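Computed over heavy atoms, backbone and side chain alike; hydrogens, waters and symmetry mates excluded. Here the structure is a predicted model, which is why all the values come from computation and not from measurement.
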Amino acid sequence: MRQAKVGLAIGDRVLGDDGYLLVVQLARHTVMFETSVGVRREVPYREIKGVAVRDGGAAAVIVALEPWWSGLSAPIRRDALDKLEVVMEILTGYRSGFARFAQPGEPFLNVSDPGFSETRRCEAMARQLAFERESDRQVLRRVANGELQSAGVGASTVQTWIRAWRAEGLRGLVDKRATKGRRGFDQLDERVRQMADDVFVRFDGDISKVNTTTIEADIRLQMKAEGLADVVLPQRLFQEYLSERQRALGRNTRAQRSRHLRRKASAHTSFPAMHPSHIAIDATRADVLVWDELRERPVSVEILTAISVATRVVVGLRVTPRSGNALEAGLLLYDVMRPMSMLVEGTTVDDWRWCGVPESLDLSNVPVHRSPKRIVPPDQSLQGVHHKPGVRPSSIRCDHGSVFLSEHFIALLRDFGIDLMLSRGSKPTDNPHVERWHETLQRAYQQLPGYKGRNVAERGRKVDATGDRLLTASELERHLRRFVALDYHRSWHEGLVLPGAPSARLTPLEMWDAMHEATGRLHVPQHPDLIYQFLPIRWLTIGHAGVEYKNLVYDAPVLADFRDVRKGAFQADSRKAPFHYDPRDVSRIWFRHPDTGRIHEIPWKARHWLDMPMGDWMHERALSRIAERGGNAALNRKSTWRQIIAELGQLTSAEETAEARAKGYAARLRWEQAQRDHAEAAEAAAMFDGDQDGVVTPLRPRRAETDDGFDLDAEWPDYDEVGD
């Protein structure tokens with residue numbers, strides 16, 4: 001049974017580290033071998049690799065030779081076996097080393113006669129080899145090319161082979177020149193290698209990269225300090241070791257950081273997301289500058305993105321000032337839940353808009369459903385409607401950013417029943433899908449003026465040296481959404497694999513449709529007032545003069561029935577009522593009617609005098625400037641609104657500190673985003689309810705259609721006329 005398994009029989013030859021071995025006995029667990037000089041030794045079956053030698057060819061080897069022997073090239077192995085035959089014939093009279101395998105004419109007494117000295121036998125073998133090699137065309141060609149000085153082999157060379165075989169066995173017959181450079185790093189002193197490893201482990205992306213010369217100097221200083229100055233280091237081998245270790249770290253600090261985190265990752269397989277509602281979100285600084293139209297200077301912005309992990313569909317994208325806040329993170333979640341579409345007609349590309357008739361519409365607490373609709377375009381043409389699906393997330397994966405751990409954002413997740421899955425600290429590899437998306441964004445950035453590269457190594461001396469007009473933040477958001485709808489969602493994503501069809505090339509939208517067939521509806525019931533669920537609530541008292549909050553008085557006819565409510569009508573032991581508050585635009589608040597459940601806008605009484613943005617930061621800054629000039633006495637009911645408007649005018653035109661300018665730009669950008677968000681909600685309300693005065697009115701005139709979709713440069717509304 002053992003013989004059948006190993007494939008050996010008594011009398012077979014096996015190649016060992018001391019030459020050919022003859023099988024003389026097969027035991028239950030071992031094989032008895034005899035060497036060419038008559039020495040016997042036992043070898044376990046597990047140490048024999050391959051099959052027995054047949055027809056003069058050596059195919060079986062002892063494991064002690066592996067993987068060294070197999071790592072040699074075929075010509076080197078053939079050359080070593082030829083030398084072994086020469087040595088065996090001189091010492092034993094037989095090329096195989098054993099009489100039972102004698103070839104015709106063996107033994108030749110002139111090269112193996114025991115009566116001759118070993119030197120004389122080597123001289124005779126040298127003459128024989130010279131004759132054989134003179135008839136070898138390959139050897140003669142090497143002599144003609146200058147690779148060999150002559151075709152002959154000297155007697156001293158043959159004697160060297162015999163001494164090498166006696167000292168190292170088969171290993172001694174391998175040409176050292178052919179294996180030059182194959183020395184293992186184990187030939188370096190173990191203590192020195194440990195020092196080098198300790199130096200390289202520090203390069204985890206946090207410290208700057210240095211060259212190997214600096215690292216070698218550091219190691220040699222440590223060797224001197226620890227008394228190892230007399231250790232001999234093969235310089236070339238040591239340099240190879242340092243180069244290999246540095247190459248393994250990565251060519252730059254970013255690669256070093258990535259590989260360091262990968263080694264510490266707890267998983268080595270893809271995230272098993274089998275449902276499109278698993279969402280990953282993150283924020284990143286945009287690698288392109290945008291234009292501040294007010295102060296006419298380039299500024300930086302951030303990109304907030306939400307991705308469906310299972311399908312890689314981008315379900316939400318917003319351009320925000322740096323740095324994004326909790327409200328904007330909540331509004332990103334609002335975008336995730338809204339199905340939106342983009343219309344392409346000829347050369348006109350519309351902006352993303354909330355779908356007029358969603359998959360599920362909830363009016364008056366009565367759900368109305370439409371039939372399922374696939375979102376993949378029917379053909380490859382760019383013309384037509386491009387959909388961005390909406391989904392109710394079942395879980396959110398994000399990092400420990402303050403905006404994602406804020407009370408407002410966590411409260412939203414709790415209200416919608418969404419699980420919060422936080423990545424481990426300083427380990428972006430826990431959220432790799434959205435991190436990889438940030439790299440994909442480079443395709444969109446590189447088409448734009450003001451592109452500044454992914455890092456400082458890619459950055460030009462002048463980022464805006466092209467002379468082209470930079471995009472505004474709104475235009476950048478529109479461009480990125482176009483890129484998502486017309487490029488990314490329509491392109492093959494290599495990370496998507498469909499079970500049962502691993503070779504199928506899928507786009508994110510195709511993967512979404514494939515999963516949607518199995519999961520069914522994933523939408524949140526759509527409602528024109530959905531956005532107000534994502535705004536913070538302020539509890540305020542409704543008086544006969546209106547509602548006062550932060551020195552501003554708000555009032556509207558809808559509050560007439562609630563000016564004398566009893567305690568407990570909205571809040572226990574209080575006459576306060578809940579109002580939705582948008583810090584991006586404090587010129588109005590919103591009240592949800594307890595009977596109808598609909599949202600009503602409550603404007604600031606002096607809003608019609610306002611011709612500039614008034615966000616939370618701008619308002620607070622204006623109040624601070626008023627207080628600095630006259631203290632609390634400078635603020636009173638009659639003059640507050642006039643002073644606020646005057647201060648806002650100065651704030652938007654005055655040149656202040658860099659920090660104030662940055663916050664002023666952020667406040668204006670957020671105000672503009674608030675106009676678009678609430679205008680969409682107003683248009684939706686008008687679509688389903690008709691034009692109802694006092695319920696929801698558009699905050700800006702309806703956007704004028706242009707070749708680019710709508711006019712971002714339209715004049716601000718004249719609030720004086722609105723007030724009249």
Side-chain angles (χ1 to χ4, degrees), residues 13-22 33-39 53 55-59 61-62 65 68-69 71-182:
R13 281 186 303 163
V14 172
L15 185 63
D17 51 3
D18 47 359
Y20 290 117
L21 304 176
L22 181 65
F33 290 105
E34 182 178 320
T35 68
S36 58
V37 295
V39 178
V53 176
D55 301 326
V61 296
I62 301 298
L65 289 176
W68 169 79
W69 178 255
L72 301 175
S73 64
I76 295 176
R77 294 200 301 266
R78 183 68 263 173
D79 180 68
L81 293 178
D82 290 343
K83 293 176 183 178
L84 179 61
E85 290 182 355
V86 171
V87 172
M88 290 295 100
E89 187 171 5
I90 293 174
L91 298 182
T92 66
Y94 306 96
R95 297 179 185 180
S96 64
F98 301 96
R100 65 180 301 171
F101 298 112
Q103 298 183 21
E106 289 184 344
F108 295 95
L109 296 181
N110 61 330
V111 296
S112 59
D113 190 340
F116 295 159
S117 66
E118 188 173 295
T119 301
R120 184 174 175 181
R121 282 180 282 169
C122 289
E123 292 174 350
M125 177 60 72
R127 290 193 296 270
Q128 180 177 321
L129 291 175
F131 176 78
E132 293 176 356
R133 298 184 68 175
E134 285 177 357
S135 60
D136 190 334
R137 289 182 178 272
Q138 293 184 357
V139 174
L140 295 177
R141 189 177 295 112
R142 294 180 64 190
V143 174
N145 294 335
E147 298 179 22
L148 298 176
Q149 293 182 355
S150 66
V153 176
S156 60
T157 300
V158 177
Q159 287 181 312
T160 301
W161 293 350
I162 296 176
R163 289 195 297 269
W165 179 81
R166 285 172 173 163
E168 302 180 54
L170 182 62
R171 296 175 185 269
L173 300 179
V174 175
D175 191 345
K176 298 300 187 294
R177 293 171 299 179
T179 59
K180 187 176 181 180
R182 293 178 178 271

Give the C-alpha distance, both sets of side-chain angles, the deciding distance and a yes or no for side-chain contact (heavy atoms from CB on, under 4.5 Å) between L15 and Y20.
CA-CA 5 Å; L15 185 63; Y20 290 117; 4.0 Å; yes

Considering non-hydrogen atoms only, spot the tightest contact between K83 and L173 and give its length.
CD-O, 3.3 Å

So do the side chains of T35 and L21 get within less than 4.5 Å of each other, counting heavy atoms only?
yes

Is there side-chain contact between M125 and I162, with at least one heavy-atom pair below 4.5 Å?
no

Do R13 and F98 meet the cation-pi criteria used here (NZ or CZ under 6.0 Å from the six-membered ring centre, within 45° of the axis)?
no

So which atom in A80 and which in V174 form the shortest heavy-atom distance, rounded to 0.1 Å?
CB-CG2, 4.0 Å

Partner of C122 by side chain to side chain contact (heavy atoms under 4.5 Å, CB included), out of T160, V111, T157, I90:
I90

What pair of heavy atoms forms the shortest contact from G154 to A126, and how long is it?
C-CB, 3.9 Å

Set of residues satisfying side chain to side chain contact (heavy atoms under 4.5 Å, CB included) with respect to E106, sequence neighbours excluded
Y94, R95, A102, Q103, F108

Using a 4.5 Å cut-off on heavy atoms from C-beta on, say whether the side chain of F33 contacts that of L22.
no

Name of the residue among T119, V87, V86 meeting side chain to side chain contact (heavy atoms under 4.5 Å, CB included) with V158
V86

Please collect all salt bridge (charged side-chain N to carboxylate O under 4.0 Å, His left out) contacts where either partner lies in residues 120-130, sequence neighbours excluded, each pair once.
none

